There are 2 protein chains.
Amino acid sequence: MKKPATQAQREAGKKMGTVTKALSLLTFFTQTRPEIGLSDLTRLSRMNKATVYRLLTELQAAGFVEQAGADRAYRLGPEVLRLAALREAAVPILTVSRGVLDRLGAATGETTHVSLAKDDMLNTIAHAYSPLHATRVAMEDAEVISFHGTASGMAVLAFATPEFTDAVLSGPLPAHTADTLTDPEAIRAVLDTVRAEGIAESVGGFEADVHSHAAPIFGPDSRPLGALAVAAPVSRMTPALRALIRSELRRAALELTRDIGGTCPPSYPGQAAA
Amino acid sequence: MKKPATQAQREAGKKMGTVTKALSLLTFFTQTRPEIGLSDLTRLSRMNKATVYRLLTELQAAGFVEQAGADRAYRLGPEVLRLAALREAAVPILTVSRGVLDRLGAATGETTHVSLAKDDMLNTIAHAYSPLHATRVAMEDAEVISFHGTASGMAVLAFATPEFTDAVLSGPLPAHTADTLTDPEAIRAVLDTVRAEGIAESVGGFEADVHSHAAPIFGPDSRPLGALAVAAPVSRMTPALRALIRSELRRAALELTRDIGGTCPPSYPGQAAA
DNA sequence: ACCAATGGTTCAAATAATGAACCAAATAAC
DNA sequence: GTTATTTGGTTCATTATTTGAACCATTGGT
């Protein structure tokens, strides 16, 4: 009787309320697709056009989306800025992150970034470049990256609940590059190492020529919220730089966790000593 | 038939869609009330507790709110940061504003801020201090200010549609200080001046001892989105500083409007000459 | 002039939202 | 230390909202 409706619904296999449907529309906006027309959004969401239109109208009235002048395509609205500012006032992740990123970037001379876990992906919310080198790993905020193919993702997975890790590893694991790990068992083996060291490392797993280190950051409930990472060109990596990055990254991640009011779990390396 | 929304509508007893109801819950979070319990939100929203609970659950699933660890109070969630980063990628108001604010602050030596119009209020989304003086006007992001009592608000009202101006002026006009203008006709007279000069000025109208200047910033449709403002202590204001502020502010506001892809309306002073 | 898009609208049918009453647990009051 | 109140959370029959096929009016391409 009931058709498989929206994408999220089919993925989750559950029913979704009207509010969830409306909010799920917002997830179709990405960096590469910042504006979406009614028909496109209808196709993307697999919902009825009238439904999408009504939901968009409500989202628009609330300022979550607005219509770009030229065509009548929709894009995210100014209200999200207001809420983000408010969220920052309550939990200053962005503000704190920027300071930590700048210092970590200065100490290592490489590109740094913070990403937060959301569903089955990570979102980069802030980044910083070091002026030290002319060549650097380029980043964008709001970039979406996978769990299995990145150091940040592995750092989170290593300290996530087993159920979550299982869910991620049982899903599709696309290879971003020739060096991406795609075998669940191989990934689990790496996660054991990450758990032991507290830092994840990835050489060319997401982007070729990028050597990444990442450490998890934890929330008040000791669960990993996301990760702090340093991305360096493979060509520049040396044992000395690697040691520097690992030491600075470990320190910076602990600082970030602390400053946002989080606590590391007992299993995190170095906690017992504290 | 258009469908305006939010608090005003609920108070008026009209119908609002489920999505609007859910999103309206988010409006109860403020700087001074960053966390709200279920019962409190039920009272604030005047909705049924079960309804509020279900809406919150959906908002939580989408990451728009989360529950603080201690009590089970709700606060804004990390998803708003992601959306804000995306919005910034599409319309870089914050990024551009910060640059403009810094330069304007450096040029004038005073506190600068950008506020966006939302319903019947303005929201400060970014601010910058100048290190020049030890005494300065303090600001917070996400601060909410009124239209009628502030230079920023007057700057927007002066170039808003007559209907919008009428709506604001027919609403309650509380006096923030002894110097707040509360008479609609007096306000309209001031708006005429603002329209002629392109800059609004307020001495102690919102906070005593603060002398504010503000210029509107316009969107792609030539409608005012908000305002760029300079706030100086009354005690420091001199004719020379006033002239400096007005000239720098005018330049900075035009720059901001341009950089976010907006266009000034023909009625804006100085447009004909261009 | 046509065709195929687009954004937007309508209305009966089907579904999802609602709200009073109800828990259990935590505070507050006595 | 017992009682009364308030909290977050849950249930389920009633109700009102959402839904979706079909329908416009424009726009742009050929």
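So you know, we letter chains A, B, ... as the sequences are listed, proteins then strands, and number each from 1. Keep in mind the model is a prediction, meaning the values are calculated, not measured. Hydrogens, waters and symmetry mates play no part in the numbers below; they use all other heavy atoms, side chains included.
One finds a side-chain N or O of A:Ser39 lying less than 4.0 angstrom from the OP1 or OP2 phosphate oxygen of C:dG7. Considering only side-chain N and O atoms, B:Arg43 lies under 4.0 angstrom from the phosphate OP1 or OP2 of D:dT7. Remark: A:Thr18 is in phosphate contact with C:dA17, judged by side-chain N or O atoms under 4.0 Å from OP1 or OP2.
Look at NZ on B:Lys21: it is 11 Å from C1' on C:dG19, rounded to the nearest Å. Going from atom OH of B:Tyr53 over to atom C1' of C:dC23 covers 13 Å, rounded to whole Å. When rounded to the nearest whole Å, the span between CZ of A:Arg54 and C1' of D:dT17 equals 8 Å. What separates CG of A:Leu25 from P of D:dT19 is a distance of 10 Å, to the nearest Å. One interatomic measurement links the two molecules: CE of B:Met16 to P of D:dT18, which rounds to 11 Å at whole-angstrom precision. For the pair B:Leu56 CG and D:dG9 P, the interatomic distance rounds to 9 Å; values are reported in whole Å. For B:Leu38 and C:dC23, the CG to C1' distance is 14 Å, given to the nearest whole Å. In this entry the distance linking CG of A:Asn48 with P of C:dT9 reads 14 Å, nearest Å.
Which of D:dT10, C:dG7, D:dT19 sits closest to the side chain of A:Thr51 comes down to D:dT19. The side chain of A:Arg72 approaches C:dG7 more closely than any other nucleotide in the set C:dG7, D:dT7, D:dA21. The side chain of B:Ala50 lies closest to D:dT11 when the candidates are D:dT11, D:dT18, C:dT6. Here C:dG8 is the nucleotide among C:dG8, C:dT18, D:dT18 with the atom lying nearest to any side-chain atom of A:Gln67.
Residues B:Asp40 and B:Thr57 each lie close to DNA chain D; by heavy-atom proximity, the contact nearer the 5' end of the strand is made by B:Asp40.
Looking at A:Asp119 and A:Thr27, their side chains never come closer than 4.5 Å, going by heavy atoms from C-beta outward. No side-chain heavy atom of B:Thr263 sits under 4.5 Å from any side-chain heavy atom of B:Phe218.
Listed for the B:Gln67 side chain is a donor-acceptor partner under 3.5 Å among the backbone atoms of B:Arg72.
Between the side chain of A:Lys49 and the base of C:dG8 there is at least one donor-acceptor pair of N/O atoms closer than 3.5 Å.
No donor-acceptor contact under 3.5 angstrom links the side chains of B:Thr150 and B:Ser152, judged on distance only.
The number of heavy atoms from other shown groups lying within 6.0 Å of CZ (A:Arg223) does not exceed 12.
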